[in-house]
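The next block holds one structure in the form of structure tokens; read it before the comments.
Values below: every heavy atom of this structure, side chains too, minus hydrogens, waters and symmetry copies. Computed from a predicted model, the values in this text were never measured in an experiment.
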Amino acid sequence: MHSDRDRNVTAAYDDVAELYARLFVDDLVDRPADHARVRTFAHDAGGGPVLDVGCGPGHVTAELIALGAEAIGVEPSSSMLAEATRRFPGCPFVLGEMTALPCASGSAAGLLARYATIHTPPTELPHAFAEFARAL
């Protein structure tokens, strides 16, 4: 399910990946409530891998790993994925869409989609959430 809108959004993130990474790679420092939620998620996510869907420049995936979670960043933008890999070379990142996650059914112990669904029209959210449920 890769619509023209999906391709356009991904292309836009490809175009601004380096700037986006520079601007937002430290955003957890500026958002203590978000950081607290990420810490809680990492603490409660034991028992297997967790997916950071729409991981962008990889900073949240890296934070999850630093907090002890077995995290994997999933990102549809290849340029954003390149930024994540460059900035956090020890972290696992994979190219993937939230509507077709690159994992087996039931293989994820948790899933974080921090700001990842903002470009998804409400009518398409059930498909994305069904895919999240499949992965979990």
Side-chain angles (χ1 to χ4, degrees):
M1 179 180 206
H2 304 289
S3 68
D4 287 340
R5 181 200 42 76
D6 292 335
R7 284 186 284 280
N8 290 340
V9 169
T10 299
Y13 277 105
D14 281 340
D15 289 345
V16 299
E18 190 277 328
L19 174 63
Y20 184 98
R22 202 167 1 107
L23 292 174
F24 293 104
V25 78
D26 292 324
D27 80 327
L28 288 177
V29 172
D30 299 329
R31 294 184 168 106
D34 280 5
H35 199 189
R37 284 188 285 276
V38 168
R39 283 193 306 271
T40 299
F41 177 78
H43 179 265
D44 293 343
V50 297
L51 303 177
D52 179 14
V53 177
C55 70
H59 59 296
V60 175
T61 305
E63 181 65 10
L64 288 168
I65 291 170
L67 292 167
E70 182 186 338
I72 302 163
V74 179
E75 173 59 42
S77 163
S78 58
S79 296
M80 199 67 82
L81 203 61
E83 284 294 322
T85 302
R86 183 176 67 78
R87 291 170 184 276
F88 305 101
C91 298
F93 299 104
V94 295
L95 191 64
E97 301 276 343
M98 77 172 72
T99 55
L101 294 169
C103 66
S105 296
S107 64
L111 188 144
L112 179 69
R114 184 175 175 261
Y115 301 111
T117 61
I118 62 170
H119 301 293
T120 306
T123 57
E124 294 178 26
L125 286 172
H127 180 70
F129 295 153
E131 180 63 359
F132 293 176
R134 182 199 65 78
L136 295 168

- Task: Of all the heavy-atom pairs spanning Pro76 and Glu97, show the shortest one and how long it is.
- Result: CB-OE2, 3.5 Å
- Considering only heavy atoms from C-beta outward, does the side chain of Thr61 approach that of Ile72 to under 4.5 Å? no
- Query: What pair of heavy atoms forms the shortest contact from Gly54 to Ala116, and how long is it?
  - Reply: CA-CB, 4.1 Å
- Could you check if a side-chain atom of Leu64 sits within less than 4.5 angstrom of a side-chain atom of Cys91, using non-hydrogen atoms only? no
- Item | Within one Ile-Leu-Val-Met-Phe-Trp-Tyr cluster: Tyr13 and Leu19, side-chain cutoff 4.5 Å | yes
- Please collect all side-chain hydrogen bond (donor to acceptor under 3.5 Å, both in side chains) contacts where either partner lies in residues 23-33, sequence neighbours excluded, each pair once. Asp27-Arg31, Asp27-His59, Asp27-Arg114
- Message: Under the salt bridge (Lys or Arg N to Asp or Glu O under 4.0 Å) definition, can you give me all pairs with a residue in residues 47-72, not counting sequence neighbours?
- Response: none
- Task: Locate the shortest heavy-atom distance separating Gly56 from Ala84; write the atom from each residue and the value.
- Result: O-CB, 3.6 Å
- Message: Between Leu28 and Phe24, is there shared hydrophobic-cluster membership here, with clusters defined by ILVMFWY side-chain heavy atoms closer than 4.5 Å?
- Response: no
- Are Val53 and Phe129 connected, step by step, through hydrophobic side chains (Ile, Leu, Val, Met, Phe, Trp, Tyr) whose heavy atoms are closer than 4.5 Å? yes
- Straight-line distance of Thr85 OG1 to Met80 CE, nearest 0.5 Å: 12.0 Å
- Message: The test is side-chain contact (heavy atoms from CB on, under 4.5 Å); show your working for Thr120 and Thr99 and say whether it passes.
- Response: CA-CA 10 Å; Thr120 306; Thr99 55; over 6 Å; no
- Note on the structure: Here the pair of heavy atoms bringing Met98 nearest to Ala128 is SD-CB, 3.8 Å
- Task: May I ask you to list the residues sharing a hydrophobic cluster with Leu81, side-chain cutoff 4.5 Å, ordered by chain and number?
- Result: Val25, Phe88, Phe93, Leu95
- Can Tyr115 be reached from Val60 by stepping across I, L, V, M, F, W or Y side chains whose heavy atoms are under 4.5 Å apart? no
- OG1 (Thr117) and CD (Glu124) are apart, to the nearest 0.5 Å, by 12.0 Å
- Using side chain to side chain donor-acceptor pair (under 3.5 Å) as the criterion, list what pairs up with Arg87, not counting sequence neighbours. Glu83
Which atom pairs, donor and acceptor, lie under 3.5 Å between side-chain atoms of residues 39-51 and protein residues at least two apart or in another chain?
from  : atom 1 : to    : atom 2 : distance (Å)
Arg39 : NH1    : His35 : ND1    : 3.2
Thr40 : OG1    : Ala36 : O      : 3.0

- Query: With sequence neighbours left out, what residues match Ser105 under side chain to side chain donor-acceptor pair (under 3.5 Å)?
  - Reply: Arg134
- Search all heavy atoms of Ile65 against all heavy atoms of Ala71 and return the closest pair with its distance. CD1-O, 3.7 Å
